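Remember, it's a predicted structure, so these values are computed and weren't measured experimentally. In listed order, ligands and their atoms are each counted from 1.
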Amino acid sequence: MAGRRALERKGLLLVVSGPSGAGKTTLCKEIRAMVPDLRHSISCTTRHPRPGEVNGREYFFLDEQTFEKMVERDEFAEWAVVYGHHYGTPGKALAEMMDQGRDVLLEIDVQGAVQIKRKFPEAVNVYLLPPSITELRTRLLRRAGDAPEEITRRLRQAGDEVRSYRQYDYIVRNENLKDAVKELEAIITAERIRTTRLNVSRIEEQVAKEFATGGDSVPGEPAGSPRKRGA
Ligand code: 5GP
């Protein structure tokens with residue numbers, strides 16, 4: 001399946017960013033359940049797991065030393081310090097998925113999105129806007145596992161970060177999850193058939209073959225047999 005798809009088009013590298021509490025994780029989870037063949041890249045982080053988070057599922061939870069060694073060995077496609085912790089996208093896993101022509105979803109911050117766009121200019125960036133700062137605060141408070149000072153830090157940063165939306169290809173406003181999922185799905189559907197992502201020579205080969213054999217043949221009639229115009 002991946003082999004056939006890889007022949008037809010290049011994989012889509014989709015980056016979703018937005019302030020903490022905007023609903024990125026829920027949105028990405030929903031979209032992965034809905035859109036077939038969308039791979040999720042699991043990031044590494046030095047922050048502690050929240051209750052319910054599992055190593056290797058939400059993140060690979062690493063200590064600072066291990067993370068730094070990976071940086072030295074250039075093992076990240078991108079990495080950044082976000083809210084005082086290190087976060088990075090493992091390069092090898094990403095390269096493998098892209099080589100196979102897979103569609104990959106990265107849920108990363110603005111600094112990471114900039115690095116990815118520089119490395120992969122064809123990447124598609126989506127910025128998820130929360131409906132309001134009040135709603136953002138409510139969501140952060142509702143989320144178990146972050147200390148009050150961590151919540152304050154994230155809220156303060158949200159104000160600065162939100163201005164980055166201008167650098168993104170698309171903006172999705174998360175007023176309600178259902179509509180946000182629908183919009184993200186529409187972006188993926190459209191980007192999958194973007195001309196520059198398609199394997200044009202493959203299409204041309206198919207179209208040329210079809211035209212050469214007279215694609216307007218009727219059932220029971222040999223392909224390419226002469227037919228009267230308008231018949
Ligand atoms: P959280 O601690 O709430 O899971 O994530 C905090 C922030 O780090 C979010 O904005 C999230 O998108 C970002 N983040 C998660 N993984 C990565 C990554 O691999 N690279 C970068 N640059 N940011 C990440």
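Side chain of Asp103 to main chain of Leu12: a donor-acceptor pair is present (N/O by atom type, distance under 3.5 Å, no hydrogens or angles). Side-chain N or O atoms of Lys24 include none that pairs as donor or acceptor with a backbone N or O of Glu107 at under 3.5 Å. Side chain of Ser41 to backbone of Leu94: no donor-acceptor contact under 3.5 angstrom is found. Under the 3.5 Å distance criterion, the side-chain polar atoms of Arg197 are matched with a main-chain donor or acceptor of Glu191.
For the ligand labelled ligand 1, residue Gln111 lies outside the 4.0 Å heavy-atom shell. In this structure, Arg154 has a heavy atom closer than 4.0 Å to ligand 1.
Ring geometry, Phe67 versus Trp79: the interplanar angle exceeds 60°, so the pair is classed perpendicular (tilted spans 30 to 60°).
For Tyr83, no nitrogen or oxygen atom sits less than 3.5 Å from a nitrogen or oxygen atom of ligand 1, counting backbone and side chain alike. Where the criterion is an N or O separation shorter than 3.5 Å, residue side chain and backbone included, Ala80 fails it with respect to ligand 1.
The structure places CD of Glu150 at 8.0 Å from CZ of Arg47, a figure rounded to the nearest 0.5 Å. Between atom CG of residue Asn174 and atom CG of residue Leu136 there is a gap of 10.5 Å, rounded to the nearest 0.5 Å.
Residue Glu107 approaches ligand 1 through these ligand atoms, each under 4.0 Å from one of its heavy atoms: 12 (O), 14 (N), 15 (C), 16 (N), 17 (C). In summary, the atoms of ligand 1 found under 4.0 Å from a heavy atom of Gly112, numbered by their order in the structure, are 22 (N).
In this structure, atom 4 (O) of ligand 1 lies nearest to the protein heavy atom Tyr59 OH, 2.6 Å. Nearest protein heavy-atom neighbour of atom 13 (C) of ligand 1: Asp109 N, 3.8 Å. Among protein heavy atoms, atom 6 (C) of ligand 1 sits closest to Tyr87 OH, 3.5 Å. Nearest protein neighbour of atom 19 (O) of ligand 1, counting heavy atoms only, is Ser43 OG, 2.6 Å. Scanning all protein heavy atoms for the shortest distance to atom 20 (N) of ligand 1 gives Glu78 OE2, 2.7 Å.
Contact annotation for Arg47 and ligand 1: only side-chain heavy atoms (C-beta onward) come within less than 4.0 Å of the ligand. Residue contacts with ligand 1, taken as heavy atom pairs separated by less than 4.0 Å, involve Lys24 solely via side-chain atoms from C-beta onward. Only the side chain of Arg50 comes within contact range of ligand 1, with a heavy atom under 4.0 Å; no backbone atom does. Residue contacts with ligand 1 for Glu161 are absent, since no atom lies close enough (heavy atoms, distance under 4.0 Å).
At least one side-chain heavy atom of Val35 sits under 4.5 Å from a side-chain heavy atom of Arg192. The side-chain heavy atoms of Leu14 and Val104, taken from C-beta on, include no pair separated by under 4.5 Å. Counting heavy atoms from C-beta outward, Ser20 and Leu140 have side chains that approach closer than 4.5 Å.
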